[in-house]
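Input: a single structure, listed below in structure tokens.
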Amino acid sequence: MIEKTLQHFNIDGFQQDLLTWYQANKRDLPWRADQDPYRVWVSEIMLQQTKVDTVIPYFQRFIDKYPTVYELADADPQDVLKAWEGLGYYSRARNLQNAVKEVVATYGGKVPKDREELGALKGIGPYTRGAILSIAYDQPEPAVDGNVMRVISRVLKIEENIAEQRVKKLFEAYVREIISVNDPASFNQALMELGALVCTPKSPDCPVCPIKEHCTAYREGIQQELPIKTKAKKQKRIPYAVLLIKNQKEEYLIEKRPDSGLLANLWHFPMVPLEEVEFDEIANWIFREYGIRVTLHDKLGELKHVFTHLIWQLDIYNAETDDSNIKHSELIFEEKRNLKAYPFPVSHLKMMKYL
DNA sequence: AATTCGGGGGG
DNA sequence: CCCCCAGAATT
């Protein structure tokens, strides 16, 4: 059925129009300075679910700090997490470092060119594998992300639900048919660049589009209806009381999250789940969980923090304790000025102003 | 196939 | 305020 769709599609003309536009309009992005496979890799991991403008400063700092696989392989995981702070999806950082260690240990520090070897590394899925192989190694592999699915769904009028795994495979098959074998690096990046700058989700700027003559959706005026995608279900709201607990040495209590699950290995102020704990029982709950006697003071503010699948509704309180000795390594009293050494989720970074 | 993982930006 | 964006791992 791919052949049928592409029967009257001018592949050479499409490639030429797309690539010409890309050469003239591509943004000057830090990870486009060269084809260093490690840098391409770092950029692609950071760009997963994340906008270019957000990634740029993180990428610069990260490469300054970890210029090659060797520095990253040797780094303290906590420092890597700190470098990732605010970027989200923190397992990306952990997986990246683990995979880089694997590259140093198994592949002599060279990022594998082999499709299977590369795809076996932690955090490298079908998209990232294709991106690295094409951008760093000039291999004609598809790199199908949301941009590419949006652009191709419009150009070829593909009315399938892009949320389905099966459909993503279909897009990869189409890209294999139309990719420029001469310059797959530019071809894949051009599709994504077009998706980011012209063929945008809400109101695509079709009049200026370099490939509108090749676009079935444009011809039929249905570009706004594509791609087709099922809606996500709405998130569950979870209320917490967050306690900024200060001891007599002006230190605040922070704790380290478990090494798996939400915000794994990040630090934060103690959170009391209000669905399970009555307001009047907060101090008792804290004593049971942390072994610390606290006095709850005034409410400082509220914060709503939205994740992909849940919402934290946070009430922030001042609290005080006479205790200051803690046994656990995941639970520490720390001076305000030292808190910046720990990786925090953005929601808790926003509470620092109350300290 | 469905769910779990962050956070920023737009309307 | 709600809605949109969207890769990989896990189950």
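Proteins come first, then strands; the chains are lettered A, B, ... in the order of their sequence lines, and each starts at number 1.
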(request) Take the protein atom OH of A:Tyr89 and the nucleotide atom P of B:dT4, then report the distance between them rounded to whole Å. (result) 12 Å
(message) Among residues at least two apart in sequence or on other chains, which ones pass side-chain hydrogen bond (donor to acceptor under 3.5 Å, both in side chains) with A:Tyr89?
(response) A:Thr308
(request) Name the nucleic acid region contacted by A:Tyr127, choosing base, sugar-phosphate or nothing; use a 4.0 angstrom heavy-atom cut-off, strictly under. (result) sugar-phosphate
(message) On DNA chain B, does the nearest nucleotide to A:Ser203 precede the nearest nucleotide to A:Gln48 from the 5' side, or the other way round? Give the residue.
(response) A:Gln48
(request) Using a strict cut-off of less than 4.0 Å between a Lys/Arg side-chain nitrogen and an Asp/Glu carboxylate oxygen, indicate whether A:Glu302 and A:Lys299 qualify as a salt bridge. (result) yes
(request) Take atom CD of A:Glu85 and atom C1' of B:dG7, then tell me their distance rounded to the nearest Å. (result) 13 Å
(message) Counting C-beta onward and ignoring hydrogens, is there a side-chain heavy-atom pair between A:Arg237 and A:Gln313 closer than 4.5 Å?
(response) yes
(request) Please report, rounded to the nearest Å, how far the P atom of B:dC5 is from the CG atom of A:Leu266. (result) 13 Å
(request) Remember a base hit wins even if backbone is also touched, and classify A:Thr50 as base, sugar-phosphate or nothing at under 4.0 Å, heavy atoms. (result) base
(request) Might you point out which heavy atoms bring A:Ser134 and A:Ala185 nearest each other, and give the distance in Å? (result) O-CB, 3.2 Å
(request) Could you check how far CG of A:Leu349 sits from P of B:dG7, rounded to whole Å? (result) 9 Å
(message) Please pick, from B:dG7, C:dG7, B:dT4, the nucleotide with the shortest atom-to-atom distance to any side-chain atom of A:His309.
(response) B:dT4
Nucleotide N/O of nucleotides 9-11 of chain C paired with protein N/O under 3.5 Å:
unit_1, atom_1, unit_2, atom_2, d
C:dA9, OP1, A:Gly123, N, 2.5

(message) Can you list everything that forms a ring pair (Phe, Tyr, Trp, His ring centres under 6.0 Å) with A:Phe9? Sequence neighbours excluded, please.
(response) A:Phe14
(request) Measure from NZ or CZ of A:Arg61 to the centre of the six-membered ring of A:Tyr58, then state whether that distance is under 6.0 Å and the direction lies within 45° of the axis. (result) yes
(request) May I ask you to decide if the ring planes of A:Trp312 and A:His305 are parallel, tilted or perpendicular, using 30° and 60° as cut-offs? (result) tilted
(request) Could you work out the separation of C:dA8 and B:dG9 based on their P atoms and round it to a whole Å? (result) 23 Å
(request) Starting at CG of A:Leu87, measure out to CD of A:Gln49 and round the result to the nearest 0.5 Å. (result) 11.0 Å
(message) Can you confirm whether or not the ring centre of A:Tyr38 sits under 6.0 Å from the ring centre of A:Tyr66?
(response) no
(message) In whole Å, I'd like the distance from the CD atom of A:Glu164 to the P atom of C:dA8.
(response) 18 Å
(message) Taking only the C1' atom of each, what is the distance from B:dT4 to C:dA6 in whole angstrom?
(response) 14 Å
(message) In whole Å, I'd like the distance from the CG atom of A:Leu310 to the C1' atom of B:dG7.
(response) 13 Å
Please produce a list of atom pairs where a protein N or O lies less than 3.5 Å from an N or O of nucleotides 1-5 of chain C.
unit_1, atom_1, unit_2, atom_2, d
C:dC2, OP2, A:Lys304, NZ, 3.3

(request) State, yes or no, whether a side-chain contact exists between A:Glu193 and A:Trp21 at a heavy-atom distance under 4.5 Å. (result) yes
(message) Measure CG/A:Leu262 against C1'/B:dT4 and give the value in whole Å, please.
(response) 9 Å
(message) Between A:Lys168 and C:dA8, is there a contact of a side-chain N or O with OP1 or OP2 at under 4.0 Å?
(response) yes
(message) Between P on B:dG7 and CG on A:Asp53, what's the gap in Å once rounded to a whole number?
(response) 18 Å
(message) What does the 5'-to-3' dot-bracket notation of DNA chain B look like when only Watson-Crick and G-U wobble pairs under 3.5 Å count, and pairs to other strands show as |?
(response) |||||.|||||
(request) Tell me who clusters with A:Ile311, hydrophobic residues only, linked when side chains sit under 4.5 Å apart either directly or through other members. (result) A:Val306
(message) Could you tell me how far C:dC5 sits from B:dC5 if I compare only their P atoms? Round to whole Å.
(response) 23 Å
(message) Under 3.5 Å, is there a donor on one side chain and an acceptor on the other for A:Asn147 and A:Arg150?
(response) yes
